[in-house]
Protein chains: 2
Amino acid sequence: MVAKKQKGKGKKVTRVGRPNKLNSVNVRETLIQAGVELLETTSLEEISLRKVAAKAGVSHVASYHHFENKHALFSAIAEIGFQKYFESYQIELQKTEQDFKGRYRALGWTYFQFIMNNRQFARIMFGGMGVESNLNPTLSSVSRRTYRQLHEIIRMGQNLGYLEKGQTREKTLASWAMIHGIAMLFLEGRLQMKNDTKEMEKFIQTVTEYAYNGMKS
Amino acid sequence: MVAKKQKGKGKKVTRVGRPNKLNSVNVRETLIQAGVELLETTSLEEISLRKVAAKAGVSHVASYHHFENKHALFSAIAEIGFQKYFESYQIELQKTEQDFKGRYRALGWTYFQFIMNNRQFARIMFGGMGVESNLNPTLSSVSRRTYRQLHEIIRMGQNLGYLEKGQTREKTLASWAMIHGIAMLFLEGRLQMKNDTKEMEKFIQTVTEYAYNGMKS
DNA sequence: ACCTGAACACCGTTCAAGT
DNA sequence: ACCTGAACACCGTTCAAGT
């Protein structure tokens, strides 16, 4: 159903990546890329190591030469998602005022928007598979990076007198959790909302305001 | 590996429920109960319809006479989790002052504590399987009940002058999301914390305070 | 070193047969 | 009406064999 068939006919169907001379680095990245593309059309539940391999044009066993198991392969796919997210934050930052409130709001809005616009990615990134992500060193470093980004902004706000001093960790977590929680509730389908970007932005802005008000000095 | 074997020997091994005369209602509930028990010892990833059926002492096909598919069975298991949660909230309410702040804090703390103390349940309840829960009428009614409980408290706070009037929905979601988000981040292993109940309670209290402060009048 | 087909032990779901 | 074994089309993982 996916691809496969047709061994050496020149018509490679939906194979991903360069057509020939796949060295091993190539295969690893072709697998990841195939996973990323498959994720766009297939729900996380339906995706499988075998389908990714088929899309990549290699035997499914080949995956085990580059990844320890299915989780490792899927984590690598999720990692691409985190890269995309960090990039989108950088882009959003360009468009925003560089003061504390601008950056604080930009981070929350980017976080939320990315999850809404990349639901499949979000599902693979945020433990949809029961992955305890602290078991994966890369993912946990990515979590720390997210944490540190926000932590830095909070600290900036404290230094500039916008936020009350002290309890920086608590304030960081509270801010992160609020946005994360809203995104997760939407993602799980527990909340409905008009799919209107303007309205969503306003909503996130309101909520961000609550958090900011609750922590200001 | 699980149970099964031994047809009519009187030694029913690990079968769940009453030993004989299973009518169909019985089988349905035996399956759910078996799922609940299995959840205590098996990760959500490893659990399967077949294992639940084996634990219940019926053929795995029997499940299809009572549930449309695997999701329906698992949703029924998740529902038990929600019942347990609502009960624990009632119990917590007894121990708490009935004023606004007491109820507001009790709800958040119960929500968080339940998830921490019932991680397997939480995983099956909160979309661990990629279940878009709005597709399941019972689950979505449970979501609405959670929402309404909090909504009522917020409204009470507004009427008593603790919270600013207006934007009740936004305030409800912000409060819910913050606690939910923290619990999810812990559940996914993205945050570490000493497994110290007192410390956790203090942390939740601090965060609840931020939310409260941000929305107060 | 890397890839492969075959095999293994599992899945969820369907079907035809039993009572 | 309800339960069953057999069968089907899938899984993830391992193994022995190929280059």
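Keep in mind the model is a prediction, meaning the values are calculated, not measured. Numbers restart at 1 for each chain; the letters A, B, ... are given by sequence-line order, proteins then strands.
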Tell me which of A/E46 and A/E68 sits closer to the 5' end of DNA chain D, going by the nucleotide each one is nearest to.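 Here A/E46 is the residue nearer the 5' end.
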
Which nucleotide in the list [options] gets nearest to the side chain of [X]?
{"X": "B/R50", "options": "C/dT14, C/dT4, C/dC11", "result": "C/dC11"}
{"X": "B/V61", "options": "D/dC3, D/dA6, C/dG12", "result": "D/dA6"}
{"X": "B/S48", "options": "C/dG5, C/dC11, D/dT4", "result": "C/dC11"}
{"X": "A/L49", "options": "C/dG12, D/dG12, C/dC2", "result": "D/dG12"}

Can you see if the side chain of A/K51 gets near the phosphate of D/dC11 - specifically, an N or O under 4.0 Å from OP1 or OP2?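 Indeed, a polar side-chain atom of A/K51 lies that close.
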
Any side-chain N or O of B/H66 under 4.0 Å from OP1/OP2 of D/dC3?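 So the side chain of B/H66 is within the cut-off, an N or O lying under 4.0 Å from OP1 or OP2 of D/dC3.
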
Could you pull out the closest heavy-atom pair between B/F74 and B/I124, with the gap in Å?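 Taking every non-hydrogen atom into account, O-CD1, 3.8 Å.
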
[Y] and [X] side chains, donor-acceptor separation under 3.5 Å:
{"X": "A/Q90", "Y": "A/Q94", "answer": "no"}
{"X": "A/S175", "Y": "A/Y104", "answer": "yes"}
{"X": "B/E209", "Y": "B/Q205", "answer": "no"}

Expected output: side-chain B/S63 to main-chain B/H60 donor-acceptor under 3.5 Å: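 No, the answer is negative, given that no donor and acceptor are paired below the 3.5 Å cut-off.
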
Specify the separation, in whole Å, of atom [atom1] of [X] and atom [atom2] of [N].
{"X": "A/I47", "N": "D/dG12", "atom1": "CD1", "atom2": "P", "value": "10 Å"}
{"X": "A/R28", "N": "C/dC3", "atom1": "CZ", "atom2": "P", "value": "12 Å"}
{"X": "A/K70", "N": "D/dT13", "atom1": "NZ", "atom2": "C1'", "value": "12 Å"}
{"X": "B/F67", "N": "C/dT13", "atom1": "CZ", "atom2": "P", "value": "13 Å"}
{"X": "A/H65", "N": "D/dG18", "atom1": "NE2", "atom2": "P", "value": "15 Å"}
{"X": "B/H60", "N": "C/dA9", "atom1": "NE2", "atom2": "P", "value": "17 Å"}
{"X": "B/Y64", "N": "D/dC3", "atom1": "OH", "atom2": "P", "value": "15 Å"}
{"X": "B/N69", "N": "C/dG12", "atom1": "CG", "atom2": "C1'", "value": "9 Å"}

Parallel, tilted or perpendicular: rings of A/F186 and A/F112 (30°, 60°):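 Rings of A/F112 and A/F186: perpendicular, over 60°.
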
Does the plane of the ring in B/Y111 sit parallel, tilted or perpendicular to the ring in B/F126? Use 30° and 60° as the thresholds.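 Tilted, since the angle between the ring planes falls between 30° and 60°.
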
With pairs defined as Watson-Crick or G-U wobble and both distances under 3.5 angstrom, please note down DNA chain D as a dot-bracket string, | for pairing with another strand. ||.|||||...|||||.||

